[in-house]
Asks: 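Let me give you the structure first, and then I'll get to my questions.
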Amino acid sequence: MTTSTEWTLARREFLRMAFAAPCALGLGETVAHAEDLKPGVTEPSPAEIARAIVAMNRTAATNVTSERLAAAETLQRSVDRLRAAEFNEYFKSDSATAERWERERGILKFLDLSFDKILAELRTTKVEDGTVVFWHVYNMGYLVKTPTQTFAIDVRHRRAKELVPDVEFLLVTHNHGDHFVKNFCDALADAGKPVVSNFIENQWVTPEDEAKREFGDCSIVMRRVDHNKTTLINYVTTFEIHCDPRADNCVVYHVGDACDVRQLNPTAQVDVFIPHLAVGLDVPKAVNETLKPRVTLLSHILELGHLIDKWRWSYEYGYNIVKKCDNDSVILPVWGEKYLYRRA
């Protein structure tokens with residue numbers, strides 16, 4: 001398992017290549033018009049998708065190679081062939097209809113298989129003392145497993161309800177549909193498990209002022225921040241999660257769609273920082289100057305429910321943010337990716 005300290009020259013070479021000639025690598029184009037499919041781009045064949053998924057599973061965000069870059073290019077082609085309305089239809093479909101979508105659209109196959117991978121690993125991974133394991137579900141969704149607990153943050157997936165037996169509580173940063181699934185929230189509530197948000201009226205709803213709550217071995221500091229600087233003021237709850245001593249008191253800081261680095265004021269050194277990479281937040285400043293987290297997991301790429309050229313950020317965009325941070329502890333995980341954190 002690759003940890004936060006196991007970086008290689010291959011990753012540096014990948015970044016050098018990606019930004020020296022992005023167009024030559026297939027990552028330099030942009031969509032000309034919202035929801036207009038990119039001219040000349042075709043849906044990858046099932047064989048191409050299968051090879052890309054194998055490559056993503058064989059490589060790691062902490063060691064990005066040319067093989068991983070090629071896989072990203074293939075998956076991006078499928079992303080650019082899927083309209084938001086089609087994704088929303090798929091998301092609401094029954095299993096048989098979803099399977100038909102997945103046979104025809106490679107990116108949906110990747111999304112579904114990534115969930116299979118997460119379920120299998122989540123249920124079999126024994127977390128050693130001093131470590132915390134993260135799985136990237138989709139968008140800004142993460143499953144976090146410590147030696148004593150498993151919890152979820154901003155999980156959105158068509159099959160999210162399958163996680164109910166495995167999750168002890170769910171944190172939701174704000175009331176936007178790409179950060180939660182209502183039937184998952186309802187199923188957890190029916191099972192008597194906390195669903196913590198600032199908009200679901202239950203015993204765990206977060207106040208506008210700072211709050212601190214305990215969930216099992218986790219202590220969580222919650223604060224309201226702005227989603228943007230004009231209309232969605234105090235709209236997002238950030239979660240500063242202090243994990244248990246067996247997890248070496250790891251501090252996870254998930255800030256949802258926070259837009260202003262000046263509003264991010266954690267009470268302790270951040271171990272794992274999870275920001276939206278394109279909502280207006282100055283991620284390089286947070287990483288390089290203010291928060292200086294030990295690891296950053298850049299999130300919110302490939303949100304398929306957004307229009308093709310509006311708020312659906314690509315792998316290319318994410319890798320550009322990685323470069324701007326100029327920090328080997330900043331990584332861009334893909335769906336289903338497992339990341340083990342241990343302090344150096």
Side-chain angles (χ1 to χ4, degrees), residues 3-5 7 11-12 15 18-19 61-62 64 132 134 136 139-142 144 153-154 171-174 176 178-179 198 206 210 212 220-230 232-243 249-303 311 313-334 337 339 341-344:
T3 69
S4 59
T5 59
W7 307 97
R11 178 176 185 271
R12 292 183 180 275
L15 291 174
F19 301 113
T62 53
V64 182
V132 179
F134 297 79
H136 182 38
N139 198 43
M140 290 202 73
Y142 283 86
V144 185
I153 314 168
D154 275 10
L171 307 174
V172 183
T173 59
H174 63 291
H176 278 168
D178 54 336
H179 290 257
N198 60 30
T206 64
E210 180 179 318
K212 184 176 181 180
I220 305 178
V221 179
M222 309 170 192
R223 288 196 182 96
R224 294 280 190 98
V225 300
D226 301 339
H227 187 296
N228 61 42
K229 298 178 181 179
T230 54
L232 300 179
I233 306 300
N234 291 330
Y235 193 79
V236 175
T237 296
T238 62
F239 295 104
E240 179 190 332
I241 306 154
H242 295 249
C243 298
N249 300 301
C250 175
V251 177
V252 179
Y253 194 33
H254 192 299
V255 300
D257 288 5
C259 72
D260 190 343
V261 70
R262 295 169 299 181
Q263 293 183 320
L264 304 184
N265 298 298
T267 65
Q269 169 65 47
V270 174
D271 289 292
V272 180
F273 177 43
I274 305 175
H276 186 320
L277 82 174
V279 77
L281 183 71
D282 190 339
V283 174
K285 183 172 182 178
V287 169
N288 299 332
E289 300 176 27
T290 58
L291 299 182
K292 297 183 178 179
R294 292 189 170 97
V295 169
T296 300
L297 303 179
L298 290 178
S299 303
H300 214 303
I301 63 167
L302 308 189
E303 170 43 57
W311 307 323
W313 294 279
S314 65
Y315 286 118
E316 179 202 9
Y317 189 99
Y319 288 128
N320 270 294
I321 299 296
V322 172
K323 182 187 179 187
K324 289 178 182 178
C325 291
D326 192 28
N327 187 316
D328 275 349
S329 69
V330 180
I331 67 175
L332 185 72
V334 300
E337 190 136 33
Y339 175 74
Y341 175 79
R342 183 192 295 272
R343 287 181 188 160

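Residues take their numbers from the sequence shown, with the count starting at 1.
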Asks: Is there a side-chain contact between Asp154 and Val172, using heavy atoms and a 4.5 Å cut-off?
Replies: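 Answer yes - side chains close enough.
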Asks: Is there a donor-acceptor pair under 3.5 Å between the side chain of His242 and the backbone N or O of Cys250?
Replies: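 Not a single qualifying donor-acceptor pair exists.
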Asks: Is the side chain of Thr230 donor-acceptor paired with the backbone N or O of Asn228 at a distance under 3.5 Å, no angle test?
Replies: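 No; judged by distance alone, with no hydrogens or angles, the pair does not exist.
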Asks: Do the non-hydrogen side-chain atoms of Leu298 and Val330 ever get within less than 4.5 Å of each other?
Replies: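 Contact flag for Leu298/Val330 side chains = yes.
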Asks: Any donor-acceptor pair under 3.5 Å linking the side chain of Arg224 with the backbone of Thr206?
Replies: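 Present.
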Asks: Between Thr290 and Leu264, is there a side-chain heavy-atom distance shorter than 4.5 Å?
Replies: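 Of all side-chain heavy-atom pairs linking Thr290 with Leu264, none is under 4.5 Å.
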Asks: For Thr296 and Leu291: C-alpha separation, side-chain torsions, deciding distance, then whether side-chain contact (heavy atoms from CB on, under 4.5 Å) applies.
Replies: CA-CA 10 Å; Thr296 300; Leu291 299 182; over 6 Å; no
Asks: Over 60° means perpendicular and under 30° means parallel, so tell me whether Tyr339 and Phe134 are parallel, tilted or perpendicular.
Replies: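 Ring orientation, 0 to 90° scale: tilted.
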Asks: Give a yes or no answer on whether the side chain of Thr173 reaches the backbone of Val236 with a donor-acceptor pair at less than 3.5 Å.
Replies: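 No, the answer is negative, given that no donor and acceptor are paired below the 3.5 Å cut-off.
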Asks: After noting the C-alpha distance and the side-chain angles of Val132 and Val272, does the key distance pass the side-chain contact (heavy atoms from CB on, under 4.5 Å) rule?
Replies: CA-CA 10 Å; Val132 179; Val272 180; over 6 Å; no
Asks: Among residues at least two apart in sequence or on other chains, which ones pass side-chain hydrogen bond (donor to acceptor under 3.5 Å, both in side chains) with Glu210?
Replies: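 Glu210 satisfies side-chain hydrogen bond (donor to acceptor under 3.5 Å, both in side chains) with Arg223 once adjacent residues are dropped.
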Asks: How long is the span from the OH atom in Tyr317 to the CD1 atom in Ile301, to the nearest 0.5 Å?
Replies: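 Tyr317 atom OH to Ile301 atom CD1 measures 12.0 Å (nearest 0.5 Å).
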Asks: Considering only residues two or more places apart or on different chains, which pairs with a residue in residues 250-267 satisfy side chain to side chain donor-acceptor pair (under 3.5 Å)?
Replies: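 Only His174-Asp257, His179-Asp257, Asp226-Gln263, His227-Asp257, Glu240-Thr267, Asp260-Arg262 qualify under side chain to side chain donor-acceptor pair (under 3.5 Å).
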Asks: Measure the shortest side-chain to side-chain distance between Val251 and Cys243 over non-hydrogen atoms and say whether it is less than 4.5 angstrom.
Replies: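 No; the side chains remain at least 4.5 Å from each other.
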Asks: Are the side chain of Asp271 and the backbone N or O of Val252 linked by a donor-acceptor pair below 3.5 Å?
Replies: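 Here the side-chain-to-backbone pair does not exist.
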Asks: Glu303: which residues meet the salt bridge (charged side-chain N to carboxylate O under 4.0 Å, His left out) condition with it, sequence neighbours left out?
Replies: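 In terms of salt bridge (charged side-chain N to carboxylate O under 4.0 Å, His left out), with neighbours along the sequence ignored, Glu303 is linked to no residue.
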Asks: Does anything in residues 273-292 pair up under salt bridge (charged side-chain N to carboxylate O under 4.0 Å, His left out), and if so which pairs, sequence neighbours excluded?
Replies: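 Applying salt bridge (charged side-chain N to carboxylate O under 4.0 Å, His left out) to every pair that reaches into residues 273-292, excluding sequence neighbours, yields nothing.
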Asks: Within a strict 4.5 Å, meaning less than it, do heavy atoms of the Val255 and Val225 side chains meet?
Replies: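 When only atoms from C-beta onward are counted, Val225 and Val255 do not touch, as no gap falls below 4.5 Å.
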Asks: Using the ring pair (Phe, Tyr, Trp, His ring centres under 6.0 Å) rule, collect all pairs that involve residues 263-296, keeping only residues at least two apart or in two chains.
Replies: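 Qualifying pairs, neighbours excluded: His276-His300, His276-Trp313.
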Asks: Kindly write out the residues that satisfy side chain to side chain contact (heavy atoms under 4.5 Å, CB included) with Lys212, not counting sequence neighbours, or none if the list is empty.
Replies: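 Expected list: Glu214, Ser219, Val221.
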